[in-house]
Amino acid sequence: MIKAIKGTKDLLPSDVPRWHYLEDIVKKIFTNFNYKEIRTPIFELTSLFARSIGEETDIVGKEMYTFEDMSGASITLKPEMTAGVVRAFIEHSLGAQQQLTKLYYISPMFRQEKPQAGRLRQFHQFGGEAIGSASPILDAEMIQIAFDILKSLGLKDLTVKINSLGTTETRENFKNLLREFLNDKKDKLSEDSKKRFDNNILRIFDSKIEIDQKLLADAPALIDQLDDESKNDFDLVKEYLTKINIPFEIDPHLVRGLDYYSKTTFEIISGKVGAQDALLGGGRYDLLAEQLGGKPTPAVGFAAGIERILLACENENSFKVDELSIDIYLIRIDKELELKVSELASELRRKGLRVEYDYLQRSVKAQMREANKFNARFALFIGGGEYEEGKMNLKDMKTSEQKLIPIDNISEVIDNIKI
RNA sequence: GUGGGCGUAGCUCAGUUGGUUAGAGCGUCUGGUUGUGGCCCAGAAGGUCGUGGGUUCAAUCCCCAUCGCUCACCCCA
């Protein structure tokens with residue numbers, strides 16, 4: 001038997017209503033903030049991701065689905081959305097139409113990692129990108145959108161974490177400071193952290209290993225080394241978040257993994273999922289547009305993992321979706337009326353009703369059982385004595401009341417149903 | 001890539017200290033009088049007990065391998 005590829009999942013009809021529910025909320029809230037949806041291709045030139053996300057990151061280094069197309073070009077299935085959005089922004093000069101471009105998306109992403117709870121190889125994200133303003137108020141607003149969406153989904157066990165990485169310059173200075181601090185302690189670090197020391201020293205703060213955390217106890221914090229501008233901006237973000245009632249924690253260890261982040265970074269985590277507890281993450285990326293060949297354009301955005309969020313919703317039992325139901329089930333009493341039934345059904349469907357009937361020549365009892373299973377509001381009996389008299393029985397499935405309706409008066413059926 | 005757990009009907013799971021025809025609940029299908037659901041009742045279909053090899057008179061059960069799923073580390077949404 002051929003099965004779905006490791007790390008991919010079928011979304012079955014029973015799963016889809018929950019996705020629609022989430023997507024509707026995402027669209028609603030982004031629209032309230034006047035964001036417009038953008039859809040970019042599922043694959044891009046590999047170099048786009050290498051240049052934006054960073055050659056040294058795990059995503060680019062070992063997790064991308066990369067292949068050659070017929071022309072020999074290196075193509076990659078998108079592992080995240082920001083690079084593609086910024087590419088499209090530059091390519092179509094979206095910034096020329098207005099100063100600030102506000103975009104959102106819902107899309108599959110691909111990363112070749114080992115699957116676990118809340119992590120798939122094809123997964124889905126929604127997110128937003130606001131390109132064209134350096135205002136820290138926009139940072140706070142971005143966090144508000146993210147937070148409001150999760151709240152609207154009924155999630156409660158949430159923690160908003162924020163941090164500032166400062167400008168590239170402050171970050172480089174800080175890395176040097178940290179290197180100096182750790183230099184004589186380097187040998188005592190865990191194996192993983194020794195690697196981080198060379199590759200991405202900031203990530204050492206993320207270590208879950210006790211020895212590392214002990215060694216870091218007196219380490220300098222990036223947040224204390226911020227340049228004036230970054231510090232002012234960060235203070236404004238905090239002030240604004242407080243004004244709009246978003247509870248947050250400052251997490252000086254919050255280092256986003258992608259190279260393009262600067263200044264504000266944030267993450268919202270859930271206490272109701274497994275080890276992969278970050279439901280969403282984002283931050284400011286003021287240098288990316290220029291890095292990809294556009295004009296210098298400050299921007300801020302976030303990306304949210306839909307599977308993780310739905311997992312949290314399930315574990316918190318945060319929302320319920322209605323069972324699907326149909327308006328009317330047509331019951332064929334006499335075998336020879338098969339065509340008449342389908343004719344009636346198509347007429348009712350064209351009038352906009354949700355209609356079902358039996359295609360398997362089953363008994364009236366079986367048809368009724370199915371009508372019940374589909375949660376039909378009405379059953380319409382076609383055939384028998386009343387049919388010969390030009391009538392059909394319309395049965396209300398809740399009250400079990402029946403009434404006779406003329407066969408040629410379909411609008412009376414509809415009137416009954418539309419009430 | 002490293003490590004732990006698990007693979008028995010469509011689903012959730014029992015089970016056998018190795019021994020005749022492998023079970024339950026849910027779901028599916030049929031029927032419970034002539035044309036009417038939900039509850040109830042009766043019955044049916046559905047399993048190479050993940051796969052391959054080994055031990056044994058005998059393996060779903062023990063051993064080995066393999067594949068798959070799952071959780072955790074790394075990293076990230």
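These values consider heavy atoms only, across backbone and side chains, with no hydrogens, waters or symmetry-generated copies. Below, read A as the first sequence line, B as the second, and so on, with proteins coming before strands; counting in each chain starts at 1.
Atom-to-atom, CE of A:Met109 to C1' of B:C75 comes out at 17 Å; the value is rounded to the nearest Å. In this structure, A:Arg119 places its CZ atom 16 Å from P of B:C69, rounding to the nearest Å. Distance, A:Glu307 CD to B:U70 C1': 16 Å, rounded to whole Å. Separating the CD atom of A:Glu113 from the P atom of B:U2 is a distance of 16 Å, rounded to the nearest angstrom. Atom CZ of A:Arg111 and atom P of B:C75 are 14 Å apart (whole Å). When rounded to the nearest whole Å, the span between CE of A:Met392 and C1' of B:U36 equals 16 Å. Nucleotide B:G35 holds its P atom 9 Å from the CD1 atom of A:Ile333, rounded to whole Å. Rounded to an integer number of Å, the gap from CZ of A:Arg308 to P of B:C75 is 14 Å.
Distance check on atom P: B:G47 versus B:C41 gives 26 Å, rounded to whole Å. Look at the C1' atom in both B:U55 and B:C64: the space between them is 11 Å, to the nearest Å. To the nearest whole angstrom, the two P atoms, one in B:A77 and one in B:U48, are 43 Å apart. With P as the reference atom, B:C6 and B:A14 are 12 Å apart, rounded to whole Å. Look at the C1' atom in both B:G32 and B:G19: the space between them is 41 Å, to the nearest Å. Taking atom C1' on both B:U2 and B:A59, the two are 33 Å apart, rounded to the nearest angstrom. For the P atom pair drawn from B:G27 and B:U51, the interatomic distance equals 28 Å after rounding to whole Å. B:G31 and B:U36 are spaced 11 Å apart, taking the P atom of each and rounding to whole Å.
A:Gln112 comes within 4.0 angstrom of no nucleic acid atom, judged by non-hydrogen atoms across all strands. Residue-level contact check: A:Arg196 touches the backbone only, with heavy atoms under 4.0 Å from sugar-phosphate atoms and none from bases. Nucleic acid contact class of A:Asn393 (heavy atoms, under 4.0 Å, all strands): base. Residue-level contact check: A:Leu120 touches the bases, meaning some heavy atom is under 4.0 Å from a base atom. When heavy atoms are screened at a 4.0 angstrom cut-off, A:Asn372 is found touching base atoms of the nucleic acid.
Residue A:Gln367 places no side-chain atom within donor-acceptor reach of the base of B:G35, judged by atom type and a 3.5 Å distance cut-off alone. Evaluation of atom-type donor-acceptor distances gives no pair under 3.5 Å for the side chain of A:Arg362 against the base of B:G37. A donor-acceptor contact under 3.5 Å is not formed by the side chain of A:Arg377 with the base of B:G37. Checked by distance alone, A:Gln402 brings a side-chain donor or acceptor within 3.5 Å of a matching partner on the base of B:U36.
For A:Ala117, taking side-chain heavy atoms from C-beta onward, the closest of the listed nucleotides B:A77, B:A72, B:G37 is B:A72. Closest to the A:Lys373 side chain, of the nucleotides B:C75, B:U28, B:U36, is B:U28. Candidate nucleotides B:C76, B:U36, B:G31 were compared by shortest atom distance to the side chain of A:Ile59, and B:C76 ranks first. Here the side chain of A:Lys395 is nearest to one of B:A77, B:U36, B:G68, namely B:U36. Side-chain proximity of A:Lys365 to B:G32, B:C74, B:A77: nearest is B:G32. In the set B:U28, B:G35, B:C40, B:G35 carries the atom at the smallest distance from any side-chain atom of A:Val364. The side chain of A:Lys114 sits closest to B:A72 out of B:A72, B:U30, B:C75.
Residue A:Phe43 qualifies as open at atom CZ: its count of foreign heavy atoms under 6.0 Å is 12 or below. More than 12 heavy atoms of other residues, nucleotides or ligands lie within 6.0 Å of CD in A:Gln291, so this atom counts as buried by the packing criterion.
Contact of the A:Lys27 side chain with the A:Ile106 side chain is registered, since non-hydrogen atoms from C-beta on lie closer than 4.5 Å.
For A:Tyr35 and A:Tyr104, the ring centers are positioned 6.0 Å apart or more.
Listed by residue number, A:Gly274, A:Ala275, A:Gln276, A:Ala278, A:Leu279, A:Leu280, A:Gly281 are the residues of residues 265-288 of chain A with a heavy-atom contact under 4.0 Å to RNA chain B.
The side-chain ring of A:Phe381 is not stacked on the base of B:G35, judged by centre separation under 5.5 angstrom and plane angle under 30 degrees.
Because its NZ or CZ atom is not both nearer than 6.0 Å to the ring centre of A:Tyr65 and within 45° of the ring axis, A:Arg121 does not count as a cation-pi partner of that residue.
A:Arg87 has a carboxylate O that lies under 4.0 Å from a charged side-chain N of A:Glu44, or vice versa, which qualifies the two as a salt bridge. Salt bridge present: A:Arg119 and A:Glu113 bring a charged side-chain N and a carboxylate O closer than 4.0 Å. A salt bridge is defined here as a Lys NZ or Arg NE, NH1 or NH2 lying under 4.0 Å from an Asp or Glu carboxylate O, and A:Arg349 with A:Glu347 fails to meet this definition. With salt bridges taken as basic N to acidic carboxylate O contacts below 4.0 Å, none links A:Glu129 and A:Lys102. Between A:Arg284 and A:Asp286 there is a salt bridge, since a side-chain N of the basic residue sits under 4.0 Å from a carboxylate O of the acidic one.
Between B:C76 and A:Arg203, a contact under 4.0 Å exists linking OP1 or OP2 to a side-chain N or O. In terms of phosphate contacts, A:Lys6 brings a side-chain nitrogen or oxygen within less than 4.0 Å of OP1 or OP2 of B:C69.
Summarising the base pairing, B:C62 is matched to B:G54 through a Watson-Crick or G-U wobble pair whose two defining distances lie under 3.5 Å. Nucleotide B:G47: unpaired (no Watson-Crick or G-U wobble partner with both distances less than 3.5 Å). Pair check for B:G7 finds B:C67; Watson-Crick or G-U wobble, both atom distances under 3.5 Å. Summarising the base pairing, B:C39 is matched to no nucleotide, lacking a Watson-Crick or G-U wobble pair whose two defining distances lie under 3.5 Å. As the counterpart of B:U12, B:A24 is assigned, both hydrogen-bonding distances of the Watson-Crick or G-U wobble pattern falling under 3.5 Å.
A residue-by-residue look at A:Asp396 and A:Lys9 shows that A:Asp396 has its nearest nucleotide of RNA chain B further toward the 5' end.
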When you look at A:Arg171 and A:Thr168, which way does the side-chain hydrogen bond (donor to acceptor under 3.5 Å, both in side chains) test go after all the steps? CA-CA 5 Å; A:Arg171 203 154 63 250; A:Thr168 314; 4.7 Å; no
